[in-house]
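Quick notes on the structure that follows.
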Amino acid sequence: MKIASWNINSVRARLDNLIAWMQETDPDVVLLQETKCLAEQFPREPLENLGYTVVVKGQKSYNGVAILSKLTVEDVRTSLPGDENDVEARYLEAVVGGNTRVASLYVPNGQEVGAEKYFYKLRFFERLSAHFKDVLSYKESFVVGGDYNVAPTDYDVYDPILFKNRLSVTPQERAGFHSLLNLGFQDAIRVLYPEDKADNTALYTWWDYRQAGFSKNHGLRIDHLLLSPQAGGRLFEAGIDRFVRAQVKPSDHAPVWCVLKQ
DNA sequence: ATGGTCGATCGTCGA
């Protein structure tokens with residue numbers, strides 16, 4: 001089972017890129033973030049024509065997450081518990097293929113360290129921890145793919161000195177991400193590409209559109225696939241489809257994917 | 001250096 005996650009930065013602006021990438025890489029399940037449209041504006045039909053069931057949590061202009069699956073889809077959940085006043089479309093969960101629960105996650109960017117949105121981001125991690133504590137008690141494997149907007153360590157940052165205490169790398173944000181690992185999740189990329197052995201500059205998933213970030217490889221690793229212990233035991237392969245970021249009219253993020261046995 | 005480049009939407013916000 002191949003599961004891929006991609007912050008697409010508008011599914012309507014990027015539909016051709018999405019279809020070409022899916023035809024080339026043939027994932028069973030795709031987790032999308034920043035689809036940036038209402039559910040009724042989502043381009044379902046061309047994706048259904050490729051053989052995928054399409055599940056959407058939409059929002060006008062901002063955010064938006066989706067799950068595309070060639071496998072059966074059951075038990076869909078469309079929001080993250082813990083704040084009934086939060087209407088932002090950032091979380092979608094479903095069971096695919098009967099034995100694997102997946103979630104498409106778009107953690108708040110945080111805007112600026114200390115801003116109101118920054119604290120919303122930190123609270124969002126607390127809500128994720130509380131919800132995942134529950135989900136990890138279920139029988140099926142659980143894979144959470146998405147844009148976490150956190151570079152977990154300095155190995156995930158092209159210039160750690162420049163980035164010191166900036167958004168996405170503050171100790172508080174990293175603690176939020178790490179609290180998920182402490183629940184028992186594994187970071188799929190780091191299981192197969194450990195920090196001390198890998199070419200960490202090849203593992204970035206986001207590059208700023210501005211100042212030619214991609215051509216200079218000024219990147220961050222902020223998109224992740226977290227695997228429950230059961231899912232971790234099935235891990236066979238993982239990678240980042242960096243070539244997608246080099247194409248015409250790209251998203252500022254590259255997809256991250258993993259293959260689980262069975 | 002407080003810029004720069006995108007997308008949604010159409011002046012400006014969010015990233």
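Computed from a predicted model, the values in this text were never measured in an experiment. In what follows, every chain begins at residue 1, and chains take the letters A, B, ... in the order their sequences are listed.
The salt bridge (Lys or Arg N to Asp or Glu O under 4.0 Å) check on A/D187 picks up A/R221, with sequence neighbours excluded. By the salt bridge (Lys or Arg N to Asp or Glu O under 4.0 Å) test, A/R123 is found to be paired with no residue, residues two or more places apart in sequence or in another chain being considered.
When the C1' atom is compared between B/dA15 and B/dT2, the two are found 16 Å apart, to the nearest whole Å. Between the P atoms of B/dG3 and B/dT12, the separation comes to 16 Å (whole Å).
Between A/K117 and A/Q41, the one whose closest nucleotide on DNA chain B sits nearer the 5' end is A/Q41.
Summarising the geometry, the separation between CD1 on A/I8 and C1' on B/dG14 is reported as 18 Å, rounded to the nearest angstrom. Distance CG (A/N9) to P (B/dC13): 18 Å, rounded to an integer number of Å. A/K60 has its NZ atom 7 Å from the P atom of B/dC10, to the nearest Å.
If you check every strand for non-hydrogen atoms under 4.0 Å, A/Y106 touches sugar and phosphate atoms only.
A/R210 has no side-chain polar atom (N or O) that falls below the 4.0 Å cut-off from OP1 or OP2 of B/dA15.
In summary, the side chains of A/E88 and A/Y62 do not present any donor paired with an acceptor at a separation below 3.5 Å, with no hydrogens or angles considered.
A salt bridge does not link A/D154 with A/K164: every distance from a Lys NZ or Arg NE/NH1/NH2 to an Asp or Glu carboxylate oxygen is 4.0 Å or more.
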